Protein chains: 2
Amino acid sequence: MGRWKPDTSGRLERAAFELYLENGFAQTTVQEITERASVTTRTFFRHFADKRDVLFVGHDELRERVAKTIAAAPPAWSATKAAASGLNIAAAALQISRDEAQDRRSLITATPELRERELIMFAAVAGTISEALIARGVEDRAARVVAEAMVAAFRVAFEYWGEHPERELPQLVDEALDSLKEAFAPFGN
Amino acid sequence: MGRWKPDTSGRLERAAFELYLENGFAQTTVQEITERASVTTRTFFRHFADKRDVLFVGHDELRERVAKTIAAAPPAWSATKAAASGLNIAAAALQISRDEAQDRRSLITATPELRERELIMFAAVAGTISEALIARGVEDRAARVVAEAMVAAFRVAFEYWGEHPERELPQLVDEALDSLKEAFAPFGN
DNA sequence: ACAATGATGACATCTGGTGTCGTGGCGTGG
DNA sequence: CCACGCCACGACACCAGATGTCATCATTGT
């Protein structure tokens, strides 16, 4: 038996998530979280950069998977098709942990502070995708624009998923990307 | 002569902007700002929601102008063309106050806290454009996707403007939108 | 057995942000 | 011309998030 209970990080994460859902994000203090997890408040900030961070752990890892997927796409594929394959991985992952993902989503959309953080995360995803496209030979600025636009489509699909939880996220993403293609088709500009 | 010096809000805004540029955003305390503006710290928070807010005043007004421009676009125009006209207004406005806009841009990109706020602002712009498109008869989800994607393009152009201040922002926005059209052209999907 | 390591507790402190009440100049209506 | 209410700000108290620093002690490796 160790000096302290094991899995401090996990205990903090669960305690925080529970309390955020029970009482709301703003109404939850770090002290309450650490009391439930039986650590000091100082320890909380050793594991998470701030109160919001606890809701965004694991996204870095998912981003890596997206990047690898794009890198592994057949070289013949267009930039948009390669990027779309990456976004599909992310959508599928979220679809698997649907209920938890939706709970987190509700919290985030209800809290401006968390929305800000979410947007930073999506921006990071766009940055990663952009790099992956550049690695495939896409010109710099075009890569950035395409990555940002496609992440934007993903974001809209993700929002819509919150309003229609019974739908499947990967399909919603496909539909959003189709909207893009339709809107920017060369006629009707 | 009034009981207090006039234009408290303006004095605070200028003092804050100056100090942010002189010492950096994080290194500047609200107390320093209010001392320079000769008010109490409590007064600062009566005029601005938080320390970051001071750098984003006036954007609501610009957003309104964008919305009105889109609403006033010829009904025959496509959604993308109408939205583009709105973005051009914004780009032109920023181009006019180029130096100040670039100073603000530098500050924001250098400060994660401010980037978050900037993204919220762009999200608000996308929301406004989305509404304007819906008012023109565009279907809801398509409007959201198009608005977000085009704002994303604007954002990339704006970033690029920071790296190439001698270029003209409106033209950079056009180029970014062209990238979008090219990427989502129906061949090569 | 002993030293290095590393996670945590304990304590102090700073700063952003909010609630509340008092105060006095200004404008409006009688 | 006076009285009244409004409104911006000062003054004060207070909370919570976040950070720096040092002590502590199980674990691990030698």
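Residue numbers start from 1 in every chain, and the chains themselves are labelled A, B, ... in the order their sequence lines are given, proteins ahead of strands. Just so it is clear, the model here is predicted, and its values are computed rather than measured.
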Please state whether the phosphate of D:dC9, meaning OP1 or OP2, lies under 4.0 angstrom from any side-chain nitrogen or oxygen of B:Thr8.
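Yes, B:Thr8 has a side-chain N/O under 4.0 Å of OP1/OP2 on D:dC9.
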Would you say A:His47 reaches C:dA7's phosphate, i.e. side-chain N/O to OP1/OP2 under 4.0 Å?
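Answer no for this pair, as no side-chain N or O of A:His47 is under 4.0 Å from OP1 or OP2.
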Just checking, A:Arg141 and B:Tyr160: is the charged tip under 6.0 Å from the six-membered ring centre and within 45° of the axis?
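Yes; both conditions hold, so A:Arg141 lies above the ring face of B:Tyr160.
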Could you tell me whether B:Arg52 sits above the aromatic face of B:Phe25, with NZ or CZ closer than 6.0 angstrom to the six-membered ring centre and within 45 degrees of the axis?
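Relative to the ring axis of B:Phe25, which defines the angle, B:Arg52 lies outside at least one limit.
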Once you round to the nearest 0.5 Å, how far does NZ of A:Lys81 lie from CG of A:Leu177?
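It is 13.0 Å, given to the nearest 0.5 Å.
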I need the A:Glu131 CD to A:Arg144 CZ distance, nearest 0.5 Å.
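Spacing of CD (A:Glu131) from CZ (A:Arg144) equals 11.0 Å.
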Taking the side chain of A:Arg3 as its heavy atoms from C-beta onward, which of C:dT18, C:dT20, D:dC25 lies nearest to it?
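Of C:dT18, C:dT20, D:dC25, D:dC25 is nearest to the side chain of A:Arg3.
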In terms of side-chain heavy atoms of A:Arg42, which of C:dC11, D:dA11, C:dA7 is nearest?
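The answer is C:dC11.
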Positions of residues 19-37 of chain B (non-hydrogen atom under 4.0 Å from DNA chain C), listed by number:
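Close to the strand are B:Thr28, B:Thr29, B:Val30.
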How is A:Ser9 classified with respect to the nucleic acid when contacts are heavy atoms under 4.0 Å: base, sugar-phosphate, or nothing?
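It contacts nothing in the nucleic acid.
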Nearest heavy-atom pair of A:Leu87 and A:Met150: which atoms, and what distance?
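Where A:Leu87 meets A:Met150 most closely, the heavy atoms are CD1-O, 3.6 Å.
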Once the angle between the rings of A:His59 and A:Phe56 is folded into 0 to 90°, is it parallel (under 30°), tilted (30 to 60°) or perpendicular (over 60°)?
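The arrangement is tilted - the two ring planes meet at 30° to 60°.
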